There are 2 protein chains.
Amino acid sequence: MVDLKKGAAAAVAADEPGAVPDHEWELFNTPAPLINMASRGLMRLAERRLKPFGASAGQLPVFYLLRDGGAMSQRDLARLARIEQPSMAQTLARMERDGLIRRVPDPKDGRSSLISLTKKALTKAPALREALHAGRAELVEGFSEAEIATLCDLLRRLNRNLDRGVIREIAE
Amino acid sequence: MVDLKKGAAAAVAADEPGAVPDHEWELFNTPAPLINMASRGLMRLAERRLKPFGASAGQLPVFYLLRDGGAMSQRDLARLARIEQPSMAQTLARMERDGLIRRVPDPKDGRSSLISLTKKALTKAPALREALHAGRAELVEGFSEAEIATLCDLLRRLNRNLDRGVIREIAE
DNA sequence: ATCAATTACATAGGTCCCTATATATTAAAT
DNA sequence: ATTTAATATATAGGGACCTATGTAATTGAT
């Protein structure tokens, strides 16, 4: 199942003569930097793909969560997107600036607003979905479905470890 | 904290009355968001672990590349750390502000400076190394060596795909 | 009913990145 | 030699996150 075929070769490569010594940087043979690098690459990819539609990567969870025209509080958006509230606040501020979302005061709770996508945003949605789908295909090009599943599984476990660490340290 | 109770099942499930609908968010069953989430988690972990020593995550590559007291140009630091030059410039500015690096004009090239760690930074180095080691252990807790290797391998392939995409689009 | 938590947001201040550009300086080409 | 192209940094402008705090509205417990 988990075809272990190595391929650790070509990790860094290229030892030009007068060049900087090519340290066999342990940091690139450990998961953390690879994940960080992948994340940055994904961000750039998403940015390039979404910019033409006037959207950006951080807005995707909002587009997704409100895709049916529904409304939700900022808090719920943040919780479901798994980012902190101030981060979501900033994203929503930008989306509001760009006319992508609308806020309506929650009649049930004077502190809260219900956020929903504008018509403009809802119109973009299908194109975004399409762009994402294409990006995803490009990302996992050459991967078998099993490999993708394995990758996701390992990443989920990693994320669980990360969450646990946070909780452990907060609790002490 | 959003119990991600995965399991591809429960797809359309659970539409409790007042609750937020538990969309079976495709985005969390695909590698991209998992990677993004892991990267953010790693960043937070690193930050927590490094702050006590007056260092931060983005500085690690610099610490590593100059660990032996050597000197290097900003360009080479950026290239080896695989970030863009302006990003490295900003990191170095912060490190200079914090007294961690020193710049000496390159006698061979009037445009360039040679960057090296200060004594202060070199002193911190072992503690950082230690902290990283501990963090790494926590991260992959419960993983077999083979699983870690598989993860790294898959991530390297992913990164290769991401790089290829960039190149392909730049070339057109 | 009142006063003290507990929320929901807003704001301030930072880090880590990226793209696009401007500014020197060195290397190449004519 | 001059002009031109390529390099090494610097700067401007943003986006995406985070932590720490402040503020207003709501809940809870007297």
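In what follows, every chain begins at residue 1, and chains take the letters A, B, ... in the order their sequences are listed. For clarity, every value in this text was computed on a predicted model and none was experimentally measured.
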Exercise. Looking at residues 83-99 of chain B, who's got a heavy atom less than 4.0 Å off DNA chain C?
Worked result: B/I83, B/E84, B/P86, B/S87, B/Q90, B/R94, B/R97
For this session: Could you check which residues of residues 103-125 of chain A get a heavy atom under 4.0 Å from DNA chain C? Sort them by number, please.
Result: A/R103, A/R111, A/S112, A/S113
Drop me the distance from [X]'s [atom1] to [Y]'s [atom2], to the nearest 0.5 angstrom.
X      : Y     : atom1 : atom2 : result
B/D76  : B/M88 : CG    : CE    : 10.0 Å
B/L128 : B/Q59 : CG    : CD    : 8.5 Å
B/Q85  : B/R75 : CD    : CZ    : 11.0 Å
B/L50  : B/L60 : CG    : CG    : 5.0 Å
A/S56  : A/E47 : OG    : CD    : 5.0 Å

Can you tell me the distance, in whole Å, between the [atom1] atom of [X] and the [atom2] atom of [N]?
X     : N      : atom1 : atom2 : result
A/M43 : D/dG15 : CE    : P     : 12 Å
B/R75 : D/dA10 : CZ    : P     : 15 Å
A/L50 : D/dG14 : CG    : C1'   : 16 Å
B/Q74 : D/dT11 : CD    : P     : 11 Å
A/L42 : D/dC17 : CG    : P     : 12 Å

For this session: Answer yes or no: is there an ion pair linking B/D106 with B/K108, defined by an N-O contact shorter than 4.0 Å?
Result: no
For this session: Taking only Lys NZ, Arg NE, NH1 and NH2, and the carboxylate oxygens of Asp or Glu, determine whether B/R44 and A/E84 approach each other closer than 4.0 Å.
Result: no
For residues 33-41 of chain A, which side-chain N or O atoms pair as donor and acceptor with protein atoms under 3.5 Å away, sequence neighbours left out?
from: A/R40; atom 1: NH1; to: B/R82; atom 2: O; distance (Å): 2.9
from: A/R40; atom 1: NH2; to: B/R82; atom 2: O; distance (Å): 3.2

For this session: Check salt bridge (Lys or Arg N to Asp or Glu O under 4.0 Å) between A/D153 and all other residues, then give those that pass, not counting sequence neighbours.
Result: none
For this session: Enumerate the residue pairs fulfilling salt bridge (charged side-chain N to carboxylate O under 4.0 Å, His left out) with a member in residues 91-101 of chain B, sequence neighbours excluded, ordered by first and then second residue.
Result: B/E96-B/R103
Exercise. Reading DNA chain C 5' to 3', which nucleotide is the first, and which the last, to come under 4.0 Å of any heavy atom in chain B?
Worked result: C/dT15 to C/dT26
Exercise. Between A/K51 and B/A57, which has a closest nucleotide on DNA chain C that is more 5'?
Worked result: B/A57
Problem set entry | Test log, rule salt bridge (Lys or Arg N to Asp or Glu O under 4.0 Å), inputs B/R160 and B/D163 | CA-CA 5 Å; B/R160 233 154 12 222; B/D163 276 358; over 6 Å; no
